[in-house]
Amino acid sequence: MLKTQSTVDRLRQTVLPDEGRIPMFIYTDPEVYALELQQVFGKAWLFLAHESELPEPGSFVVRSMGEQSVIVGRGEDGVIRTFLNSCRHRGMKLACEDSGHTKLWRCPYHGFAYASTGEFMGTLVGAPYERVAYPGGLDRDALHLIEARCESYDGLIFATWNLEGESLAEYLGDLRWYLDILAGRAEMEVVGVPQKWVIPCGWKFPSENFTSDAYHTATAHAFLAKLNLVQGVDFGRDGYHIDTGNGHGLGIGVHPEEDGSYFPAELEDEYRANLDSDQLALLRRVKNFHGNVFPNFSFLIPNFIEIAGQKVSGMMLRVWQPIGPDKIEVSSWHLVERNGPDWWKNKGKAMYIQTFGASGMFDQDDTENWELQTQNSNSALARNDEVWLHFEMGMHQDPMPGFPGPGAVFDGKYSESAGRTFYRRWLELMLEDA
Amino acid sequence: MLKTQSTVDRLRQTVLPDEGRIPMFIYTDPEVYALELQQVFGKAWLFLAHESELPEPGSFVVRSMGEQSVIVGRGEDGVIRTFLNSCRHRGMKLACEDSGHTKLWRCPYHGFAYASTGEFMGTLVGAPYERVAYPGGLDRDALHLIEARCESYDGLIFATWNLEGESLAEYLGDLRWYLDILAGRAEMEVVGVPQKWVIPCGWKFPSENFTSDAYHTATAHAFLAKLNLVQGVDFGRDGYHIDTGNGHGLGIGVHPEEDGSYFPAELEDEYRANLDSDQLALLRRVKNFHGNVFPNFSFLIPNFIEIAGQKVSGMMLRVWQPIGPDKIEVSSWHLVERNGPDWWKNKGKAMYIQTFGASGMFDQDDTENWELQTQNSNSALARNDEVWLHFEMGMHQDPMPGFPGPGAVFDGKYSESAGRTFYRRWLELMLEDA
Amino acid sequence: MLKTQSTVDRLRQTVLPDEGRIPMFIYTDPEVYALELQQVFGKAWLFLAHESELPEPGSFVVRSMGEQSVIVGRGEDGVIRTFLNSCRHRGMKLACEDSGHTKLWRCPYHGFAYASTGEFMGTLVGAPYERVAYPGGLDRDALHLIEARCESYDGLIFATWNLEGESLAEYLGDLRWYLDILAGRAEMEVVGVPQKWVIPCGWKFPSENFTSDAYHTATAHAFLAKLNLVQGVDFGRDGYHIDTGNGHGLGIGVHPEEDGSYFPAELEDEYRANLDSDQLALLRRVKNFHGNVFPNFSFLIPNFIEIAGQKVSGMMLRVWQPIGPDKIEVSSWHLVERNGPDWWKNKGKAMYIQTFGASGMFDQDDTENWELQTQNSNSALARNDEVWLHFEMGMHQDPMPGFPGPGAVFDGKYSESAGRTFYRRWLELMLEDA
Amino acid sequence: MIDVELRFAVQDFLIAEAEMLDSHDYQSWLELFTDDVRYAVPVRVSRKMPAPDVVDEIGYFDENKQSLGLRVRRLGTDVAWAEDPPSFTRRFVTNVRIDPADPSELRVRDYLLLYRSRGDRGVYDLLSGERHHVLRPNNGSFQIASRRVILDQASLGTKNLGVFL
Amino acid sequence: MIDVELRFAVQDFLIAEAEMLDSHDYQSWLELFTDDVRYAVPVRVSRKMPAPDVVDEIGYFDENKQSLGLRVRRLGTDVAWAEDPPSFTRRFVTNVRIDPADPSELRVRDYLLLYRSRGDRGVYDLLSGERHHVLRPNNGSFQIASRRVILDQASLGTKNLGVFL
Amino acid sequence: MIDVELRFAVQDFLIAEAEMLDSHDYQSWLELFTDDVRYAVPVRVSRKMPAPDVVDEIGYFDENKQSLGLRVRRLGTDVAWAEDPPSFTRRFVTNVRIDPADPSELRVRDYLLLYRSRGDRGVYDLLSGERHHVLRPNNGSFQIASRRVILDQASLGTKNLGVFL
Ligand code: FES
Ligand code: FES
Ligand code: FES
Ligand SMILES: [Fe+3]
Ligand SMILES: [Fe+3]
Ligand SMILES: [Fe+3]
């Protein structure tokens, strides 16, 4: 890291979450980014796929960890693994497609072959002449695919290159109680495939937005009020902001008890079977639900809206995949209860596509902000004085007592507590063994 | 600046204006450029706009200082100010358009609002809930827009991030006497808006060309002779080259006294009211007039040509805005006397557009040179020995005595004296506190 | 090289050709590439053109050395020279076309002129006023074009910036015996001009492929077998792999003695006049012939195929010109015996175009591999542990005795010996005076 | 051989629609659609042959008249930030094919190349795709009863689809 | 419904013009213009709606027959460096619309996509815009009495306009 | 004035061909060519005017029916790695010109803009050029007896020509 020593020093001096101040340059500085790929994306647990995307043995999808292409596959033995998408011979990609099904990956360059479980199968099944080319034979073990550590929670598949560190469960910590409500309340499935598109913005802008930015809704998404799509709206304030203390954060918007649950009654039993009474009680009041798992995995249950007499919401998962210092590829999955009634599935999907995703009216507003913040970040880099961003919301606020869920829970969603923690965690990783 | 220490050393050893030698790599080296953004564009006075572009209180244009987007606006109080186009909250751009008119900038992300004078107006007018989101309130002063130091001379608006340094008047120094002739001789106005286009070239190539390169005309613009558009032409030699000693430079082509002034008689009185007798005498002999204000602001009164019996010239202002080490966005403004006669305005504009600007026959020749010099500069970077550029013209020539205007004035435009001074000034800034 | 010190250390520790291990990051790391431009392309002999491309005095082509544009021209005196395509005045390109014919290069910017032999001819022939602009005159010698050291072998023109180092003959060493068979067996000529296209891949992937990768044919080009275009194929094994010990390498596929020569009988006499008996004997058995001259010049006589009863092969020369860390511009020349019979020329050309070049079925397979290896290399850069590539083929194999040609010759083309030497030579240059 | 009048009627209709969008006349544009219109842009994926590369279960757009109307109304407000200032767009319509089998529901396909610039420093986006229309004759002209657009990217190279296809 | 013959006459004329420019036949091209032609390319700006985004007070081109002639003569010399070697250009003409109101002065609009490459390492520029023509019938064909081109960028992404639009 | 029926017959033919290629129906595409077809794509070079910039002695393609057939058969295998997954392609065919001099061998030219994406992160290639066809009437439709494509780059900006032009 010699070459970025000056960067490390600048980070140490200028990233001040405790004071609610974050310097603008860190969002897109190429040297900060190079360090992030190693220190953050090289060590954190990264979301890759939902188990429903790997229905059977042999199913696989191609995803990314940092900028590295990886194969997430369910082996013939049913176990889900994550491999670097790189042949052990000369580093050719083994899978060039987005997804597929196979017993065996045969490299298109020289034919080295690998089982769906990662073992090197020799070249015999691939190219002939192994005995001739390698009289001494090849070292099977040395040629096993490079494998990441892969674990799931509530059907959400994560992997990390940090083979010795904390488990996924430890990594998620207090967030699990809330993830259960999001993704563990029922059997969930991805509808189709993720939408993917490219935004010219630094990956931390959207991540921090989902972590702790309930406040932007009233202005950024002002069209809601202009078009009277929301009445007597609280502009996303009513509810809770939760700081789980390890970089993750979420906001839960709630509606009055008396409204009764917005979720389909048809699924009540399944919910009850999967959630404890406190989680169930909270689910019944959920009006919207957003958050981010450090570093770049977000989730959202958009504010319910009424379509032809029925309240619906189309939930989604998001990965803000960096593909450069100031560019991301967004993946947006629509997730729904597999056993949900058709009206819930159909209207939920329509609502999701019309309001979110590449053409989504909300995403349009947000991408505009993230892109222009990114342009300012790029130019801030060269300034002789720092441009500070303001992260002071809820700085001196105390968590509310007596909330059933874990973590520091704040009354009302207007707080950037989890955002400050996001940067504490980020800085910690960036400076680790520097 | 640790990371560019090796660059600083190389500059110290190889940039030798006194010997008329400049190394090729400095024109596009990414590290030199990173340093320039801080040392040159972070400290120099930069031209942004002409006062006629801000006709009334609330008028604003969006321009650049180095790579930073800034708003140049006339406040409700009539004062012209320059602000970083970056919200104090999270750095979103406040103005995304090229120009406009407003009493108030309301940030599209969370609604923080700012008066046209830069004061933070709180979020009340913007987004609701300030009292809820920030119970302790927000620090109005800390949230004032980041403001650059902004001054005008002869209607030319400049700004700098160097808040304590010399004034614009001091910065321009001896050049002012000549700027008066260019932009102060009468009430001037920008016609429409600037043309803008992108050229793959380093910003110093065009800057040095306008500073001291009268010599290229005969060859680069040889079509003039080929098409007999110039007779008995002196190929741009007759006249004066002026080195004001602080990095600025200009060349003034003159015609014989007896020809009488080429400028419209209708404006004679206004000229007399604005210029002293020496300036007036010089204006009467001006055939062409080009120069550059360090670092990247150029001006030009092209050689007069006769259109249907009347001599005209369409003057222009230029900014060679770097948008990367080897890329610029050119802005070209057409400036004319507001009270000029129609024939002067109409023919002058036609002449300007037909010969200069993106489609201009002269600019085509020049962009070709600057682009290919840039390609050679990019590759020179990797050479084990330096590629030297030749800057020796007029090196041992003495200034002429008795010229009424200030600065070192050379008889005949063929001299690179001001070009050498340009690089002296440049090097000085680059090495400052390095 | 201060800034890449950390890179130099990493290279020293991780590039281990003796162990058959090469780290993935070296293929596209921007800092490795910056070092390569200086240490490898700044010092090695680089192929530029074939003498038949410069038919007469005044003929010239524009080519590249590293990223630098150079003019390769036959002077009025008939001598072939290589000049930096950069005017000594301000570095404008003297030749902007791909090829041409001239007595004199006149710079389009200010008119400095140069003879086809590189001497500065003053500006008189170019722009007027030299006496006025430079009363003291200009130093003719100092303004001579920057000239590289240029030599030919078998009609192949090479140049280097290393003016004091080994001669081309010494540089090629043992490879010459084989180059004679390739390019010296008869009077050769380039058919038309080279094809050029851009591939997003690091330059070393194709270079190592031509140096020592006979093994990929069976898999990468499996369509041959699928379409029964090859019967009883040995998948490119039968023949010899040759490691000339200085970074160059080649593979020669042979057919049974009894088949008799595949080359046209019409040329037998000319071959005999140019080759010694051992070379001639080998030529008679050549079925295919591929190799690479360190660093990035490859050649290939593709496996002969039968077209309408006649065996033909369309030979080619290749330069893998880097135009960035992970991008190359390929130039592919089709070379043929000038005195060859029409059937050989026509069918050979058709065979070349249909199987190789931008649309070539073989090149398509290979570009796919090189592009995806490049993507993996780009991402490997950020890994906390190295991704090793496997280079162990033929590691413990001894050269065969009694082969008439020089160098270490291995029986059977399946060996990566020359590939390992390629990286030994590469590392040596990269670490030189570091 | 398809009737010439019909060819030009269809072509003029598609070209007129492009002009409405490129000049931001969204109100007129909305009226081109039938009340029962289905406007869909499925997701494209990169798969080994012969696996299908269009995924209809999910899309970038999945609209009806009401949702299209909502999008248009939104663009009429002064808070549709992403398109104010609006992108400069140009919709090049070529390769028109008409299937006259059912005159009451013409099946028409074309190729669309959409040039989009936010006017920033020479940068622009290009979107390419094939459009499948169902056109219903409607006094002298047509109405769009269905549109399905197959985009030619598995990962869209434009920051958002704030522009219609 | 516009007359078919007229449609093809106009289309053939515009396509023939594109061919002249793409093959550098500037002399023939010049003759397509009337002596009183006005050829203008105004500047485009990025403004908040509903402010106009075309500025006619100033332009990238503002030509008459004489100045077009000068440009053409210049291209005929051996010192028009910027276009020698010439760019490889291709002018894709689509979305043609004809207003036949005044047959003596046809108002025609089209979309122009201009591909331009200097043949360098796969790099190219694209210019996109709408052209407004006034065509005067001229024995069997037309002459261009007026052209106004609205480019789709506020900052042109090409090093110069050494090519005609 | 060229016959309207002929215009549309030619245009429909070229558009149908583009569709075959864009939908990877190579078998049907191959049948569009006569047995004696010559399919050539010469190399383009950057030269000072008036030197010719097309080099016919060597090309990116130089095919006959047999070699085209081989390419098509290859694409039918499961080892044509470079196009499996296949590129998403779109061939925009415009500026069609017909020379009806010899009805039995129609000389036709058009402009081709080929959009190509491997579906990766918004990246795409664009190929531009002019195509010269010789079309032979063949019961109601045509067959291609000759094709020559002039590409607009001296150094192709696409990794390979695994796609037909
Ligand atoms: S790279 Fe996979 S087998 Fe060689
Ligand atoms: S960024 Fe401006 S209000 Fe938040
Ligand atoms: S750069 Fe060549 S003469 Fe000035
Ligand atoms: Fe939002
Ligand atoms: Fe000039
Ligand atoms: Fe190969």
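Computed from heavy atoms alone, side chains included, the values below leave out hydrogens, waters and symmetry copies. Letters A, B, ... are given to chains in the order of the sequence lines, protein chains preceding strands, and every chain is numbered from 1. The model shown is predicted, which means the values in this text are computed figures rather than measured ones.
- Only the side chain of A/Tyr352 comes within contact range of chain D, judged by heavy atoms closer than 4.5 Å.
- Shown here for A/Lys196 and D/Tyr60, the closest heavy-atom pair between the two residues is O-OH, 3.1 Å.
- Most heavy-atom pairs under 4.5 Å with chain D, from the set A/Ala95, A/Gly192, A/Ser332, A/Ser99: that is A/Ser99.
- The two residues A/Cys96 and D/Ser46 come nearest to each other via the heavy atoms O-OG, 4.4 Å.
- D/Leu156 and A/Ala358 get closest at one heavy-atom pair: CD1-CB, 4.2 Å.
- Sparse packing is recorded around CD of D/Gln27, with 12 or fewer heavy atoms of other residues, nucleotides or ligands lying under 6.0 Å away.
- Counted within 6.0 Å of NZ on D/Lys65, heavy atoms from surrounding residues, nucleotides or ligands total more than 12; the atom is thus considered enclosed.
- Contacts of residues 158-165 of chain D with chain A at a heavy-atom distance below 4.5 Å involve D/Thr158, D/Lys159, D/Asn160, D/Leu161, D/Gly162, listed in sequence order.
- Side-chain contact check for D/Asp62 versus A/Lys349: some heavy-atom pair is nearer than 4.5 Å.
- Of the listed residues (A/Val193, A/Ile328, A/Thr355), the greatest number of heavy-atom pairs within a distance under 4.5 Å of chain D belongs to A/Val193.
- Near-neighbour residues of residues 70-83 of chain D relative to chain A, defined by a heavy atom under 4.5 Å from a heavy atom of that chain, comprise D/Leu70, D/Arg71, D/Arg73, D/Arg74, D/Thr77, D/Asp78, D/Val79, D/Trp81, D/Ala82.
- For D/Asp84, the side-chain hydrogen bond (donor to acceptor under 3.5 Å, both in side chains) test picks out no residue, with sequence neighbours left out.
- Interface summary for chain D: among A/Val330, A/Leu224, A/Val191, A/Val198, the most heavy-atom pairs under 4.5 angstrom belong to A/Val198.
- Distance CZ/D/Arg47 to NE2/A/His101: 10.5 Å, rounded to 0.5 Å.
- Under the 3.5 Å distance criterion, with hydrogens and angles disregarded, a donor-acceptor pair is assigned to the side chains of D/Ser155 and A/Glu329.
- Contacts of residues 362-378 of chain A with chain D at a heavy-atom distance below 4.5 Å involve A/Gln364, A/Asp365, A/Thr367, A/Glu368, A/Glu371, A/Gln375, listed in sequence order.
- With a 4.5 angstrom heavy-atom cutoff, D/Val55 touches chain A only via side-chain atoms.
- The two residues D/Ala154 and A/Asp98 make their nearest non-hydrogen contact at CB-OD2, 4.0 Å.
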